[in-house]
Amino acid sequence: MSRGADPAEAGHGTGRFGHTELPPRQSAALRKAKRLEVVTLVFMVTAIALVYATMGSSQAMKTAWIEDMLALVPPLAFLVAVHRARRRPSADHPYGFHRSTAIGHLTAAVALLTVGLSLVYDAGTGLVRAEHPPIGTTHLLGVTFWSGWLMIAAMVYTGVGPFILGRMKLPLSEELHDKVLFADADMQKADWMTAAGTIVGVLGIGIGLWWADAAAALLISMSIVHDGWRNLRHASSALMDERARTFDDKHPHPLTREVDEVLQGLAWISDSRSRVRDQGHVFHVEAFVRPIGDAPTIDQLEEAVDAVRSLDWKMHDVVLMPVRDLPDTIPDPRANDQ
Amino acid sequence: MLAAGVALLLSGCGLTIPTDPDGTLDRVRSGGTLRVGASPRPGWVEMQGVHAPSGREPQLVEGFAEHLDAEVEWTVAGEEHLVTMLEDGELDLAVGGFTDANAWMDKVGLTRSYAEVDVDGTTEAHVMMVPMGENALQSELERWLDDHGGAS
């Protein structure tokens with residue numbers, strides 16, 4: 001397989017991760033995801049500028065501003081990660097560069113958790129110290145009006161983008177099995193929820209409830225911390241070669257079971273035990289099989305590898321090992337299949 | 001549009017936006033007393049013997065009090081003491097030639113600057129202090145200063 005000269009490198013060819021060519025659906029999803037992330041970056045930069053212009057001395061707006069800056073991290077992590085993951089394996093990187101996704105996921109998770117924790121701290125101390133947020137008036141184009149209205153308008157703008165973009169990214173993250181994209185969708189959820197919370201909070205301050213802003217922020221920060229922690233936990237476990245999980249980390253990936261099912265379905269195999277880890281987009285499979293009777297032929301082994309690989313485009317690197325007895329060092333995946 | 005709609009809706013329910021959490025503006029209007037702290041600064045707040053403070057800012061304050069149908073009750077003290085009194089809710093307003101670069105920003109509310117003066121090549125943006133988060137009072141004062149503060 002040659003490196004440089006690859007027709008797919010020019011223009012709109014099929015996408016790929018390392019030497020795994022993406023099927024047309026995933027190729028299209030990848031192109032769309034890249035475009036969405038660029039749109040996200042551009043949008044967030046305008047949001048950052050707008051919030052900076054309207055924040056005045058409001059602490060809540062300042063927090064929203066810092067969050068918007070942190071929201072740049074997941075899209076950047078995604079773009080860097082998919083760019084790296086495209087590279088073919090090299091002598092120094094025989095497994096390819098897929099793990100860049102895991103690093104991107106970890107980075108995005110840390111950014112998300114930081115947003116949540118900073119919000120908790122900010123809202124918490126505001127409530128404990130009983131800070132009364134001052135919001136005065138703004139003089140703009142010859143009109144004087146309460147600055148709260150301007151903040152609400154800014155929050156409507158910064159909230160709408162993430163609300164739409166986040167929803168568009170979720171299905172793509174499933175299609176591509178891309179956890180950076182998934183964490184980014186969580187970040188966008190955090191963004192629009194914070195914006196909505198700030199709107200409620202500023203309106204509350206408007207009617208004289210000084211604690212409204214901090215209370216709204218505290219409620220929302222709980223869900224952000226939860227999302228950040230979940231992403232951080234699963235990003236770290238994935239780096240520790242946890243069994244592959246679904247794009248949203250909710251369940252062990254069904255493919256981890258299907259590998260053994262398909263192998264055990266072959267006539268010459270009496271039993272099998274496999275390890276499936278998530279390299280980032282694609283999976284790495286090590287399967288140990290116990291043949292019935294004599295040693296299997298090369299043809300039989302290749303047929304088994306093909307059977308596993310044809311399960312899914314993600315089945316990228318399959319190592320098959322015929323053994324006399326299944327290794328008892330590998331736990332039965334069905335033992336803990338939640 | 002949306003903002004105006006919400007404002008209309010809320011005022012229909014007897015709510016005004018903004019409203020003071022501690023009701024300062026309402027109290028000044030119904031009680032007829034505006035408690036103002038003053039700290040001397042030449043050109044802005046002048047002290048002449050035992051009389052009430054005079055000069056540019058005290059004049060503005062008297063005008064604002066009149067606008068609210070209230071009488072000014074003066075307290076003359078140092079800047080730090082005035083800040084503490086604002087924090088404790090013992091004052092409704094403080095003047096003393098303060099600028100928007102002062103160090104009390106996280107303890108008291110500062111009005112939008114109502115006058116800008118060149119001092120030694122830098123621009124001083126002048127503000128008044130109000131209790132933190134008394135947004136109705138602050139907004140009322142800022143509007144009033146928009147109309148009357150610029151004239152020197």
Side-chain angles (χ1 to χ4, degrees), chain A residues 53-63 122-123 125-160 195-196 198-216, chain B residues 1-27 86-89 100-102 104-114 125 127-150:
Chain A
T54 55
M55 73 180 167
S57 65
S58 158
Q59 197 55 45
M61 292 289 279
K62 207 163 283 176
T63 311
D122 215 67
T125 51
L127 279 180
V128 170
R129 290 195 206 133
E131 282 167 5
H132 294 201
I135 304 179
T137 60
T138 301
H139 191 72
L140 200 69
L141 307 172
V143 191
T144 303
F145 54 93
W146 187 53
S147 309
W149 300 126
L150 197 62
M151 294 179 183
I152 289 170
M155 283 297 126
V156 168
Y157 176 76
T158 59
V160 165
T198 307
I199 291 172
V200 172
V202 169
L203 281 176
I205 291 171
I207 60 169
L209 308 172
W210 61 267
W211 45 264
D213 196 27
Chain B
M1 268 309 269
L2 180 74
V6 174
L8 203 67
L9 194 76
L10 289 171
S11 59
C13 312
L15 293 167
T16 46
I17 288 185
T19 293
D20 290 329
D22 295 334
T24 305
L25 183 62
D26 286 345
R27 205 201 54 242
L86 281 169
E87 279 191 289
D88 294 345
D100 64 352
N102 81 62
W104 309 109
M105 246 186 115
D106 54 344
K107 297 196 184 301
V108 298
L110 301 181
T111 62
R112 188 153 43 76
S113 81
Y114 69 90
V127 301
M128 295 186 184
M129 291 179 178
V130 291
M132 185 85 131
E134 295 297 280
N135 295 323
L137 174 76
Q138 181 177 340
S139 298
E140 189 69 23
L141 178 58
E142 286 176 359
R143 282 173 205 274
W144 193 83
L145 287 172
D146 276 346
D147 297 337
H148 305 88

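Note that this is a predicted model, so its numbers are computed, not measured. In the text below, chain A, chain B and the rest are named by the order of the sequence lines, each starting its count at 1.
Contact between Pro134(A) and Gly109(B) at its shortest, heavy atoms only, is CB-CA, 4.4 Å. Shortest non-hydrogen contact noted between His139(A) and Arg112(B) is CB-NH1, 3.3 Å. Of all non-hydrogen atoms in Asn135(B) and Ile205(A), the two that sit nearest each other are ND2-CG2, 3.2 Å.
Residue contact with chain A, scored on non-hydrogen atoms closer than 4.5 Å, involves the side chain of Asp146(B) exclusively. Within the 4.5 angstrom heavy-atom criterion, no atom of Ser147(A) approaches chain B. Only the side chain of Asp22(B) comes within contact range of chain A, with at least one heavy atom under 4.5 Å from a heavy atom of that chain.
Looking at residues two or more places apart in sequence or on another chain, you find no side-chain hydrogen bond (donor to acceptor under 3.5 Å, both in side chains) involving Arg143(B).
Here the side chains of Trp149(A) and Ile17(B) are in contact, with some heavy-atom distance below 4.5 Å. Between Thr144(A) and Glu142(B) the shortest side-chain heavy-atom distance does not fall below 4.5 Å. Contact check for Pro21(B) versus Leu209(A): no side-chain heavy atoms found under the 4.5 Å cut-off.
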